[in-house]
Amino acid sequence: MREALAGHRLALVGGDAREAVIAHTLSGWGARVRTYAVEFTTLCPLPGFHRSASLEEALDGATALVLPLAGTDDHCQVYAPAWGEPVRLTTPSLGRLAAGARVLVGQARPALRELVTGAGLSLRELADDDELAILNAIPTAEGAIALAMDHLPVTLHGARAVVIGFGRTGSVLAPMLRGLGARVAVVARQPRGLALAQALGLEPVPFDGLPGALRDAVAVFNTVPAPVLGARELDALRGPAVVVDLASRPGGTDFDAARERGIAAILAPGLPGRRAPLTAGLNQARVIARALLHDTGGPPEPASTLAGAEKRGGETGHGT
Ligand code: NAP
């Protein structure tokens with residue numbers, strides 16, 4: 001993997017502490033990396049990449065533009081929370097990229113999609129990448145458990161925890177809670193998910209059993225991006241309990257109803273970047289590298305086979 005990205009000229013624009021890790025790692029794998037509006041981080045003391053003075057300089061001749069998972073807003077302004085000024089993508093700025101360049105992003109809003117395709121470039125969305133979602137489920141689950149612990153006067157060990165949804169995040173989180181000694185119920189709508197939960201020693205609960213499952217719960221984790229925890233369900237909670245809602249905004253909890261009932265309910269977006277930016281950045285770098293290699297006819301290596309390669313990242317920084 002060391003030189004696998006040789007020949008790739010990448011522009012990394014915007015993001016948070018993860019992007020510095022991504023830039024560092026990809027340059028260690030042979031790519032020439034320029035960044036703009038990337039937050040400097042002590043996670044990578046030897047950057048190994050070039051920090052451009054302007055957006056245009058970063059984009060000039062790049063074969064791929066790598067945007068943060070959070071992407072842009074509806075006006076193509078790039079997510080860059082720690083950057084002092086707005087960073088906006090325009091048709092002339094994208095025109096700086098090499099012909100046929102790709103734009104990689106988590107999920108593209110319609111305005112970005114229009115801009116990219118209008119400029120004759122191709123778009124690669126990573127948000128639905130199973131491998132990235134499963135790898136990100138690990139820091140998400142750890143972060144969710146940490147949040148619950150911060151709000152609880154009891155241990156999770158011996159307590160009842162309810163995980164709603166058994167997709168990529170729920171199926172990583174539930175066994176982790178069980179490993180801590182919690183009594184874990186999994187609420188899912190598919191027979192397959194319920195059977196898998198049972199096979200893993202978790203209590204399977206169909207959705208109509210949710211209020212019953214909540215009755216003695218201390219920690220409730222929602223991963224379903226639909227309204228599943230309304231007033232009726234919240235009424236079932238007794239005693240000190242915390243709800244950690246992991247689903248994308250606006251979550252699946254009626255937060256007003258929770259407030260009225262004095263229940264601590266937290267919407268917790270972006271946990272991988274907030275709780276474990278180094279891990280999350282490395283995961284993202286691996287998946288970006290796989291996407292770049294696959295799209296250019298290289299081997300479609302699973303990102304997991306790149307594990308460990310990041311330890312060499314930065315040794316051969318190809319900063320320009
Ligand atoms: P996923 O693999 O698609 O899992 C979602 C689960 O929700 C599946 O079990 C799905 O059931 C279920 N579901 C969806 N709509 C439902 C409905 N209307 N009623 C009942 N169940 C429903 O997604 P994921 O990767 O686990 O992510 C889950 C959510 O967390 C997403 O919103 C994602 O954006 C978010 N997320 C947040 C963080 C964070 O830091 N907070 C990190 C990662 C992901 P079926 O299998 O039956 O469809």
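Keep in mind it's a predicted model, so treat the numbers as computed, not measured. Remember, it's 1-based here, ligands and their atoms both numbered in the order they're listed.
- Between V162 and N222, every side-chain heavy-atom pair lies at or beyond the 4.5 Å cut-off.
- Within the listing of ligand 1, atoms 39 (C), 40 (O), 41 (N) sit less than 4.0 angstrom from a heavy atom of G270.
- The side-chain heavy atoms of R168 and D130, taken from C-beta on, include a pair separated by under 4.5 Å.
- Summary of contacts: the protein heavy atom closest to atom 45 (P) of ligand 1 is R189 NE, 3.6 Å.
- Distance from atom 23 (O) of ligand 1 to its nearest protein heavy atom, with residue and atom name: R168 NH2, 3.8 Å.
- The distance from ligand 1 to the heavy atoms of A247 drops below 4.0 Å at these ligand atoms: 29 (C), 30 (O), 32 (O).
- Side-chain N or O atoms of D245 include none that pairs as donor or acceptor with a backbone N or O of G251 at under 3.5 Å.
- By the 3.5 Å distance cut-off applied to N or O atoms, G170 is not counted among the residues near ligand 1.
- In terms of polar-atom proximity, P272 is not counted as a contact of ligand 1, lacking any N or O under 3.5 Å from an N or O of the ligand.
- Counting heavy-atom neighbours within 6.0 Å of E56 CD, excluding the residue itself, gives a total above 12.
- Heavy atoms from other residues, nucleotides or ligands lying under 6.0 Å from CZ of R274 number more than 12.
- A heavy-atom distance below 4.5 Å is not found between the side chains of I145 and V244.
- The protein heavy-atom contact nearest to atom 35 (C) of ligand 1 is L246 O, 3.4 Å.
- Checked for salt-bridge contact, R160 and E203 meet the test: a charged N lies under 4.0 Å from a carboxylate O.
- Residue, atom and distance of the protein heavy atom nearest to atom 46 (O) of ligand 1 are Q190 CG, 4.0 Å.
- Using a 4.0 Å cut-off to heavy atoms of F207, the atoms of ligand 1 that qualify are 20 (C), 21 (N).
- Considering backbone and side-chain atoms together, A226 places no N or O closer than 3.5 Å to any N or O of ligand 1.
- The protein heavy-atom contact nearest to atom 6 (C) of ligand 1 is G167 N, 4.1 Å.
- Within the 3.5 Å criterion, the main-chain N or O of D16 finds a donor-acceptor partner in the side chain of E19.
- Ligand 1 has no N or O atom lying under 3.5 Å from any N or O atom of P225, backbone or side chain.
- L12 and L65 sit in two unconnected hydrophobic clusters of ILVMFWY residues. Membership requires side-chain heavy atoms under 4.5 Å apart, directly or through other members.
- Of the heavy atoms in L271, both backbone and side-chain atoms come closer than 4.0 Å to ligand 1.
- Contacts of A144 with ligand 1, taken as heavy-atom pairs under 4.0 Å, are absent altogether.
- The closest non-hydrogen atom to atom 32 (O) of ligand 1, taken over P227, S248, S171, comes from S248.
- For atom 16 (C) of ligand 1, the choice among L69, V187, V224 with the nearest heavy atom turns out to be V224.
- No more than 12 heavy atoms of other residues, nucleotides or ligands lie within 6.0 Å of CZ in R232, so this atom counts as exposed by the packing criterion.
- Every atom of ligand 1 is numbered from 1 in the order shown, and the set under 4.0 Å from a heavy atom of T223 is 28 (C), 29 (C).
- A 4.5 Å side-chain heavy-atom check between N136 and N283 finds at least one atom pair inside the cut-off.
- Looking at I288 and I22, their side chains come closer than 4.5 Å, going by heavy atoms from C-beta outward.
- In this structure a side-chain-to-backbone donor-acceptor pair under 3.5 Å is missing from R183 to A161.
- The distance from ligand 1 to the heavy atoms of A268 drops below 4.0 Å at these ligand atoms: 39 (C), 40 (O), 41 (N).
- Considering backbone and side-chain atoms together, F166 places an N or O closer than 3.5 Å to an N or O of ligand 1.
- In this structure, atom 10 (C) of ligand 1 is not in close contact with the protein, since no protein heavy atom lies within 4.0 Å of it.
- For atom 42 (C) of ligand 1, the nearest non-hydrogen atom of the protein is T140 OG1, 3.2 Å.
- Under a 3.5 Å cut-off, the side chain of S122 and the backbone N or O of R102 do not form any donor-acceptor pair.
- The closest protein non-hydrogen atom to atom 44 (C) of ligand 1 is T169 OG1, 4.0 Å.
- Within the 4.0 Å heavy-atom cutoff, P269 counts among the residues contacting ligand 1.
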